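These numbers were taken from a predicted model, which means no experiment stands behind them. Whatever order the structure lists them in is the order used to number ligands and atoms, beginning at 1. No hydrogens, no waters, no symmetry mates; every other heavy atom, side chains included, goes into these values.
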Amino acid sequence: MGKSHNISQPPQELLEAADFILRGGIGAVPTETVYGLAANALNPSAVRRIFEAKGRPFIDPLIVHVSDMEMARAAAHFTPEALKLAEHFWPGPFTLVLKRKDAIPDIVSAGLDTVALRMPSHPMTRALINACSVPIAAPSANPFGYISPTLAEHVREQLGNKIDFILDGGPCKCGVESTILMATCEPMKLLRAGPIAPAEIERVLGRPIDKNPKKNEAHPEAPGMLKSHYSPRSKLSLFDLPEEIPEAFKGEIIFLKRPEHPRKNEYWLSESGDEAEMAHNLFALLRSLDKFAKNGIYCQRPRADGIGLAVLDRLTRAKNS
Ligand code: TXA
Ligand code: MG
């Protein structure tokens with residue numbers, strides 16, 4: 001048998017990563033959404049290293065990752081409705097903002113009285129959290145403001161020399177960050193669109209949520225909601241119909257699905273228009289084009305539906321022209 005990833009016998013690299021985490025180290029971990037930059041959430045100086053490595057402002061709180069409900073309940077207060085949502089969507093790409101318990105240090109939640117919690121489904125990271133027996137604080141493993149990483153290679157290129165380890169769990173399945181729901185207000189608020197669609201949340205809750213909370217740029221409830229985020233360095237513009245692209249445009253063009261006769265400067269997010277596939281490919285394609293697209297990038301807008309809403313949201317934030 002080759003490398004085994006079963007939980008009873010963690011592979012050596014996982015034990016080493018757990019050891020780094022327990023000694024205050026930081027490292028990249030795979031999740032089903034994007035790669036995270038992990039530290040022991042209960043160790044403020046380890047958490048501080050995450051902010052430093054990313055160049056992230058301390059006012060921008062982190063998500064705490066847990067591997068079971070006992071760990072989740074030690075970090076936050078669960079209302080019966082929050083519990084119902086957690087039971088339905090965890091493990092998975094869904095983050096709940098709840099009232100914080102004292103166990104979670106101030107630095108993790110930027111001094112707010114809430115904490116963002118999620119139980120990821122990637123087996124490697126769940127095994128890591130199990131092996132450490134502590135919750136793990138992890139933002140996306142990219143320099144602040146840049147596109148989130150969906151491959152271990154993306155992390156290595158940008159943060160490789162600032163962190164203690166990288167666990168390679170292959171390409172991230174979803175490819176966009178988790179859906180964030182603020183569950184401490186009435187109605188509950190969607191803070192970030194993601195793989196779990198608002199309609200699914202409403203179905204489980206049995207009542208509506210606020211899908212378009214007023215964006216307050218001065219006091220963003222999730223600083224990830226700041227308009228400029230996830231940006232490539234190349235100039236990125238969006239279009240609905242190809243006719244909107246200026247004739248003189250000499251850069252790269254991204255379509256939602258494969259064109260019938262693609263030209264050299266044409267790319268696509270999916271073979272046939274599948275939205276989950278678009279999300280899965282989005283960040284990796286933007287990153288690879290960003291390495292050479294001197295004349296800019298034009299990308300087609302997806303429909304604001306299901307996970308397409310998350311793709312549209314990331315593109316709108318990435319748009320820098
Ligand atoms: O899929 C994901 O959520 C990935 C993987 C690694 O789990 N993580 C991720 O983390 O995207 P990050 O830090 O890049 O984005 C977390 C977002 C930020 O916009 C932050 O402002 C928001 O969550 N957030 C964290 N704690 C919060 C809180 N207490 N209240 C409101 N927003 C919060
Ligand atoms: Mg991020």
- Query: Would you say the side chains of R192 and T95 form a donor-acceptor pair under 3.5 Å?
  - Reply: no
**Asked** Are any of the side-chain nitrogens in R126 or E32 under 4.0 Å away from the carboxylate oxygens of its partner?
**Response** no
Under 4.0 Å between heavy atoms, the region of P139 that gets near ligand 1 turns out to be both
Quick one: do R100 and D106 make a salt bridge, cutoff under 4.0 Å?
yes
Compute the minimum heavy-atom distance from R192 to ligand 1 and say whether it is under 4.0 Å. yes
Candidates S148, G36, G111; heavy atom nearest atom 6 (C) of ligand 1 found on G36
Quick look: D60 vs ligand 1, heavy-atom contacts under 4.0 Å, and the answer is side chain
Discussion item. Can you confirm whether the side chains of E252 and Y298 place a donor and an acceptor under 3.5 Å from each other?
Written reply: no
Open item on the list: Quick check on the hydrophobic clustering: are V311 and L309 connected, directly or via other members, by side-chain heavy-atom contacts under 4.5 Å?
Closed with: no
message: What I want to check is whether the side chains of Y146 and D290 have a donor and an acceptor closer together than 3.5 Å.
response: yes
Checking heavy atoms under 4.0 Å, the part of H122 that sits near ligand 1 is neither
Checking heavy atoms under 4.0 Å, the part of R118 that sits near ligand 1 is side chain
Legend entry - T95-ligand 1 polar pair, N/O distance under 3.5 Å: no
Any side-chain donor near an acceptor of the partner, T150 and R287, under 3.5 Å: no
The answer for which part of L112 has a heavy atom under 4.0 Å from ligand 1 is side chain
One finds that the ligand 1 atoms under 4.0 Å from a non-hydrogen atom of L191 are 31 (C), 32 (N)
For T114, the ligand 1 atoms with a heavy-atom partner under 4.0 Å come out as 28 (C), 29 (N), 30 (N)
